[in-house]
Amino acid sequence: MSLAAVNDFVVKFANVNGSGSASANGMFAKSILRMGVPVAARNIFPSNIQGLPTWYEVRVSEAGYLGRRGGGVELMVAMNPQTWDQDVASIEPGGYLFYDSSKPLPPAKFRNDIEVLGLPLTAICNAAYTDPRQRQLFKNIIYVGALAHLIGIEESVLETLVREEFGSKVALIDSNLKALAMGRDAAAENLAPIGLRMRRADKVGDRIYVEGNSAAALGAVYGGATVCAWYPITPSTSLAEAFTAHCQKLRTDPKTGEARYAVIQGEDEIASIGIVVGAGWNGARAFTCTSGPGVSLMQEFVGLSYFAEIPAVIFDVQRGGPSTGMPTRTQQSDVLLAAYASHGDTKHPLLFPEDPAECFDFGALAFDLADRLQTTVFVMLDLDIGMNEWLCRPFRWDDSRKLDRGKVMTYDDLETGKVFGRYLDVDGDGIAYRTLPGVHPERGAYFTRGTSRDPYARYSEEGPVYVANMQRLLKKFETAKTLIPAPVARPAKRRTPHGAVYFGSTTPAMHEALDLLEAQGVHVDGLRVRGFPFNDEVMAFIEAHETVFVVEQNRDAQLRTLIMVEGGVDPAKLVPVLGYDGSPITARFITDEISRRMQGSSVTPTPQAAE
Amino acid sequence: MSLAAVNDFVVKFANVNGSGSASANGMFAKSILRMGVPVAARNIFPSNIQGLPTWYEVRVSEAGYLGRRGGGVELMVAMNPQTWDQDVASIEPGGYLFYDSSKPLPPAKFRNDIEVLGLPLTAICNAAYTDPRQRQLFKNIIYVGALAHLIGIEESVLETLVREEFGSKVALIDSNLKALAMGRDAAAENLAPIGLRMRRADKVGDRIYVEGNSAAALGAVYGGATVCAWYPITPSTSLAEAFTAHCQKLRTDPKTGEARYAVIQGEDEIASIGIVVGAGWNGARAFTCTSGPGVSLMQEFVGLSYFAEIPAVIFDVQRGGPSTGMPTRTQQSDVLLAAYASHGDTKHPLLFPEDPAECFDFGALAFDLADRLQTTVFVMLDLDIGMNEWLCRPFRWDDSRKLDRGKVMTYDDLETGKVFGRYLDVDGDGIAYRTLPGVHPERGAYFTRGTSRDPYARYSEEGPVYVANMQRLLKKFETAKTLIPAPVARPAKRRTPHGAVYFGSTTPAMHEALDLLEAQGVHVDGLRVRGFPFNDEVMAFIEAHETVFVVEQNRDAQLRTLIMVEGGVDPAKLVPVLGYDGSPITARFITDEISRRMQGSSVTPTPQAAE
Amino acid sequence: MTYITKPRLHHPLLQPNALGFTRRDYEGKVSTLCAGCGHDSISAAIIQAAYELDLPPHRLAKLSGIGCSSKTPDYFLGNSHGFNSVHGRMPSVLTGANAANRELIYLGVSGDGDSASIGLGQFAHSIRRSVNMTYIVENNGVYGLTKGQFSATSDPGSKSKRGVVNHDQSIDLVGLALQLGASFVARSFSGDKAQLVPLIKAAISHKGASFIDVISPCVQFNNHVGSTKSFDYVREHNAAMNRLDFIEPRAEITVDYAPGEVEVVKQHDGSILRLRKVAPDYDPTDKISAITHLQLHQMRGEVVTGLLYVEPDAADLHDHLHTVQTPLNQLDDAELIPGSLALDAINDSLR
Amino acid sequence: MTYITKPRLHHPLLQPNALGFTRRDYEGKVSTLCAGCGHDSISAAIIQAAYELDLPPHRLAKLSGIGCSSKTPDYFLGNSHGFNSVHGRMPSVLTGANAANRELIYLGVSGDGDSASIGLGQFAHSIRRSVNMTYIVENNGVYGLTKGQFSATSDPGSKSKRGVVNHDQSIDLVGLALQLGASFVARSFSGDKAQLVPLIKAAISHKGASFIDVISPCVQFNNHVGSTKSFDYVREHNAAMNRLDFIEPRAEITVDYAPGEVEVVKQHDGSILRLRKVAPDYDPTDKISAITHLQLHQMRGEVVTGLLYVEPDAADLHDHLHTVQTPLNQLDDAELIPGSLALDAINDSLR
Ligand SMILES: Cc1ncc(C[n+]2csc(CCOP(=O)(O)OP(=O)(O)O)c2C)c(N)n1
Ligand SMILES: Cc1ncc(C[n+]2csc(CCOP(=O)(O)OP(=O)(O)O)c2C)c(N)n1
Ligand code: SF4
Ligand code: SF4
Ligand SMILES: [Mg+2]
Ligand SMILES: [Mg+2]
């Protein structure tokens, strides 16, 4: 029996990269949003430029679930012969297979328990176009037109999208609309209506649809970042590119056309973080963005920033590790390395945004924190959140907000004779005052170094001096706890001894899982951790529960490690739920893992992969 | 009252670096050994070449305690006016101050509760020599002669040492002997006998006196290392230099004079580890030696070694971190970084030698482990163990022992058609077979990479393939537990719920502390951990005790973290004892910390610094 | 994820070489690079060179960094071990491999981002160490794999056309290699098989550090010496659809010109590359004149190609280190372990 | 651990400069380098140059890596902020500092190990980025602080004297800087104040990347261009005592010779350094002849000193980036934050 669903199903497109499908598929996803129905779309692409398989998974969810659901897909758009078998296999029983029927395929290539929707797309294109480029490109638009007809996307919605995209280019608008119509007509003529339907709703509201990298970059603009030094690496590249684009628009001096920012492509990640540290030392807000391999290379400088107390911001858009690993897949597996980056005793604040809206918030906040704490702050994105467009609440900015530049002694402070000890804890919060180079002709200059020195920045190899400084750094880390955004609780409907801690891009799948569990009568309090070091609320939550599931997208339960180590929590109560196969964790996987552990008498940590 | 002690006191020399004192002081220490009395001597030197303060602490201990004792010194040889005040202050009440009385010093410069031994060393030298170089150099020898007289070092012992050192250079022998005699005579004439005495004993046995770096390098020679790539950094430099020297002697082809080894000074640490990885890939045993900053820079390559499974050995001679930190001070603060080096989910075996004898053993073993486990193995030395001469049991080698090359498929294996899957777990231990480049014309070639691939080394971005491989790596790490040297227990005299875990250079101070505690009626079972991952004995020990003190030389209790995380141990039972001021931890500090925690009702972890 | 399996039938015309191997025996996996990528032409030239040199395929070792160019070792010499290491660090890995076994032939394959940006230090130091290798940079003046950022080898002449981008001075790897003491320095063009194959053969035959800079157009992002356009180009040329994610298949650019002549190559983005082949009477053993020659032509906007410098009797790293002839990875226990007697003597000296 | 506090009494003879500062106002902490170290002479020259240029001392920023040389910024310009960063990475830190505040004067101080070994990549890239700075390498051809290993700048002529050591080709930083597009390139000798002070002044006054290679003998380990001896030397010269840990105080080597002439300098280890001062009629604006000049004299074993190349109207990084005149670190909230209205528009475009 064929599946039937309204506003709640998954469509997956199987394509070849470089074939122009991404824009067409994107238009499909956006058209659903314009119908007022939430969408979560994810690109699965290879580490390659042209000719290899790529997928685009569109989850349509009127209920507003934006994580991956898990399980098979309801509708597969199979445009890539290379991956045909696996694509056909991944359809839910009763689901639909849409394909290009121009060339006949043997029956063995199909399944009996699915509904097959063939349209001769190539033949249609070959008849309509002569230019091979057009044949390829419009094929994508034609299938969008056909799908729109099949599931009931309003014609006017697609038309509007085409007009928005091509603006004043009338010829392009016409040809695209024509292609859409061709697809629609072909479907209408050849295919019967199917069980998956779109129905206009109003569940999108004022939400925006944006990539986390672009949002984080915009956050950096609002956070006053002026120096960006970076080195290309998937999946962080688009963050630097977005920062450049945002700045060109928002940070160009309107009179002179000059730039109020500097973007420097370093020769590598070491140079990038070096530039950031140099700029931070000199009082500019500076950041780099990178991924795992870059974080590995930046270790020495992060240690310098920790010990010499220089503000810096690193956006780590995490991908599949270790090593080159899976460069175009997602993970949350740099958490431990970032938290304890560099040799010696070191600890660094981390921020974990849940979606692009928070990427924006934390993108701005990170700079205040870095200046206030005079240290490196990591913003931990991942490929899923960074490179996919997510539906999220709009960006917000309070115009009365001022940049918090932290403790910087001014010319006047120095002139009036305020005591300046670069590493002197005058306020009892572990944070000392700094001066910026060039501030005063006779006072405030000091020699910055990564070697041990006394509170007045004088070189010292004496044990007690060193220890006092190291203890002050711990105190500063205590202060950091009060500045890191508090966790967000999602209490269960009933009192329960079970809790679940999660963070970042896991959030939407987690929330869906909590609903699924609730529906099964399993009550779990959720707590979304938003940063490290953990504030007291996090520890109180763990304290308040008998068992706490720690859900994360890495093999080694890295957040769980941080909770144990920093919170002194008994590992027995922290049950790891680990999905780390490189595709975003799914609600069903989390649900299954948690209910399996709850049913079993014990809650032994047995790490397992998603799907 | 003046202190009196026989064969049990601490002498400290305060000098200026570059003044030639090191050799003279070393001769002093060695002469005590030759009297049959164990000695532990430690150099405390600045990160500078000439003109800054340097100290040399000689602990004389017939009881055989080779760690630092703690507390003041019994005899201070104050040859550096710059540090006079702190040197005088550090003498135990009733102790002795030996100094150069050529220039009169005001009484305020002395203390009433110590005995002052002045000799006009400069005046003596100026009278005896005209050449300024000789004046400086022989001054050191003269004070050794004087001290020998004062505490009763046999003349013949020093004479033998001088003869051994200068071999056939008769003029040098004579002039040194003359200088010794001058010192002896001056002391005999001007100073009364003191309460500190040397008495011949036979407590040294067949032990040797050697630096850990040299021992580790010799271990590398015996372990079959042929490629050493390194970059100078204190305190690891002398390891590479010793390897070169050992090889020149032991690894030169007797017929051709050609080298059976290659030592390459890299342009930095990244190149050094890259060379090691390249050599390891190609089947040569290779290592690098470095310290914290180098380990930070090597992160990316260590991740490659983990994921592509390439044998490598890194000797990390730890110094004071973070950042440039205290380059000439000791710590055990790279433990966490080394264990989890690189981005993504990674874990690496570590070895913790307790003394140079074990540096030799583990220096050799590391290469067998690296080849067997096909991964990076860290040997964690520190400045204390690496750069100081330690008294330890002699090096031992069993001539029947063969190098364990691990799982390498030969030409014959391939020729006879054995299945080769580079990442295929045929034996169930998580370790796959590898082939070496060039082995067979048609079989065995594969493409090594740090990206995800299937068991046959074919590129793959598929989730299940990736997960299976990551799980196999965990299995391999389980196998590693069976190969890491088992811990060494030091049970208390009585059954006790208290245990203490410690490792590396902390050992001698720890053993003394356990004795001191025992004497106070406090019983603590000791367990010296010798590597990571921890084998079952370690976990059984922790399981078997209610409270386990984890004694280490870093601020953040890094070994304790590893025990919690990998062993799932409740942090509440692991009490950190942390000495991390850069000077080797002392027996008294450990004793005080442990007894303080035992007396107090709770055993709350309050990290504190040594002295 | 190579989905197409390669037809393995031997073409009857494939002639075996002196060792009995056909050209096919030197091939590798099917390339996953873009159609028309210059890098594929270089792979073909390497295959041809190894075939013509009668090399036993498994006695080569192929090492690379990360990038489209660094992927290519998977696409040639399938019977050789290959090592796709980390970005910019191939030179050190190759140095270590070479130290371990002096008997294999080492091919280092890299890109301009890999060697001139992140890897400049390792490039330079491997050369000054005279590692016996053939180091090929597949130079497209762009980061291909990360989609079109400028690398360190784009032309300085183009620096001010767009202001913010590509304002840095370009790095001329050939000039650097000469300065750093490479004993074999050449430049060629991916499409010039007639020149490239003999150069690769000569480089492989040369003992010491052989460096070949091969200009290799990127058909996707079109950055290379002489171009400033990169993404912009894709935008303009895809104007019909105005979509960034569509990539037009292109034909490989080939050239064939005589020594001493200049060939003007029009690249995919319409920009012009002026290649100057060294004249037959050019003396490649005179370093100073090589340097001068390069500088002069560079001023004229010409890219000199050919064998620019060779020191015929160069020594290599193993000569310097005075290592044994037996590869270090083949020394047996007896040759490596000094044994307990020697240890006793050492113990004695430490008492 | 500076134990000696510096006498701060003003010498009556200290003349104030145009800004009213005396030479003392440009001094720093007491040096902890070895007596006679060339690096101290360079510090003195920097002090002199800053004094003569009438620079407000606090408007300089001093950045360095790690090494004896990199410690020196603590020993001059005590009223300037200094940053002793990490080994080999000063160039990136300086680049960032410069990006943040274009108004300060940037002095990068480094060693040959710091810049030619670990830091070669950063050295090269900071230069090709035309960062406005004066980059001084205190070149002693040895790792001083780690006690005498060879660095990448020792002379190639000495390569075979001892076989295993120093077999690598030397790196000539001046040659590289020229190739990499430095717009001001000079070389001098630490002991040649007459030449060095004006060069530093000119470099500071120059806009763009100014590079000065200053040969600066290490009195302890005696490695430098022309020497292969290092530790061996110390061993031999200390034969009287045969002890490695004794370091003999030495006198600074100074020279004073006329333009166009060759000065033969005998160094502490007895080796010979032939310095050739560029002639008065040398044209430093012609890059190709600068390169040729260098190569020719290098072949003769002479080290050319003086201002070798200058491009008087060079542009710098800020010109390329087209940044505002106000230093980026001084832009206020209004100039930095686009505000909520702009954000609303962005939100709208994302629906
Ligand atoms: C440490 C690190 N940084 C960045 C990257 C991302 N990355 C992969 S390939 C590449 C550039 C490759 O450019 P090039 O060497 O010129 O090769 P091409 O693709 O142009 O052939 C970069 C930056 C990486 N893999 N590792
Ligand atoms: C990452 C790192 N590696 C190694 C070192 C050790 N180190 C300190 S100074 C130095 C060499 C300095 O040589 P150079 O730059 O020539 O300065 P010099 O002392 O000769 O003036 C080295 C290798 C370090 N501090 N950091
Ligand atoms: S992106 Fe450029 S370099 Fe990479 S495969 Fe395609 S054409 Fe070649
Ligand atoms: S070791 Fe050499 S470079 Fe360092 S301070 Fe002494 S003389 Fe100068
Ligand atoms: Mg490239
Ligand atoms: Mg030096």
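Quick note on labels: first sequence line is chain A, next is B, and so on, each numbered from 1.
Summarising the geometry of A:N282 relative to D:A100, their closest heavy-atom pair is CB-CB, 3.7 Å, with the distance given to 0.1 Å.
Judged by distance alone, the side chain of D:D333 and the main-chain N or O of A:K402 form no donor-acceptor pair under 3.5 Å.
Annotation: the span from A:R260 atom CZ to D:T323 atom OG1 amounts to 12.5 Å, rounded to 0.5 Å. Distance check, rounded to the nearest 0.5 Å: CZ of A:R453 to CG of D:N84 gives 11.5 Å. Here A:R285 contributes atom CZ and D:L328 contributes atom CG; the two are 13.5 Å apart, rounded to the nearest 0.5 Å. Summarising the geometry, atom CD1 belonging to A:I275 is positioned 7.5 Å from atom CD belonging to D:Q122; distances are rounded to the nearest 0.5 Å. D:Q325 contributes atom CD, which lies 8.0 Å from atom OG1 of A:T256 (distance to the nearest 0.5 angstrom). Annotation: the span from D:H58 atom NE2 to A:T435 atom OG1 amounts to 11.5 Å, rounded to 0.5 Å.
Ranked by heavy-atom pairs shorter than 4.5 Å toward chain A, the options D:G78, D:S64, D:P73, D:P327 are led by D:P73. If you tally non-hydrogen atom pairs under 4.5 Å between each of D:P56, D:S92, D:A61, D:S85 and chain A, the highest count goes to D:S92. Options D:N329, D:L60, D:L331 differ in how many heavy-atom pairs under 4.5 Å they form with chain A, and the most are formed by D:N329. For the set D:R59, D:K62, D:M90, D:R129, the count of heavy-atom pairs under 4.5 angstrom toward chain A peaks at D:R129. The most heavy-atom pairs under 4.5 Å with chain D, out of A:G444, A:A286, A:A308, A:G450, come from A:G444.
Heavy atoms closer than 4.5 Å to chain D are found nowhere in A:V276, neither backbone nor side chain. In this structure, the portion of A:L218 lying under 4.5 Å from any heavy atom of chain D is its side chain and not its backbone. For D:I66, no part sits under 4.5 Å from any heavy atom of chain A, backbone or side chain. Residue contact with chain D, scored on non-hydrogen atoms closer than 4.5 Å, is absent for A:A229. When heavy atoms are compared at a cutoff of 4.5 Å, A:K249 does not approach chain D at all. For A:L304, the part lying near chain D is the side chain, with the backbone staying farther off; criterion is any non-hydrogen pair under 4.5 Å. Neither the backbone nor the side chain of A:H246 comes within contact range of chain D; no heavy atom of the residue lies under 4.5 Å from a heavy atom of that chain.
Note on ring orientation: taking the six-membered ring where Trp is involved, the planes of D:H81 and A:W281 are perpendicular (angle over 60°, cut-offs 30° and 60°).
In this structure, the side chains of D:F83 and A:I310 come closer than 4.5 Å at one or more pairs of heavy atoms. Within the 4.5 Å cutoff, the side chain of D:V93 has heavy atoms near those of the A:F301 side chain. You'll find the side chain of D:L104 reaches within 4.5 Å of the side chain of A:P437, heavy atoms only. Using a 4.5 Å heavy-atom cutoff, the side chains of A:R449 and D:D74 are in contact. Counting heavy atoms from C-beta outward, D:L317 and A:I264 have side chains that approach closer than 4.5 Å.
Close approach to chain A, defined as a heavy atom under 4.5 Å from one of its heavy atoms, is seen in D:L336, D:I337, D:P338, D:G339, D:S340, D:A342, D:L343, D:I346, D:N347, D:L350, D:R351 of residues 336-351 of chain D, taken by number. Using a 4.5 Å heavy-atom cut-off against chain D, the contacting residues of residues 202-211 of chain A are A:D206, A:R207, A:I208, A:Y209, A:V210.
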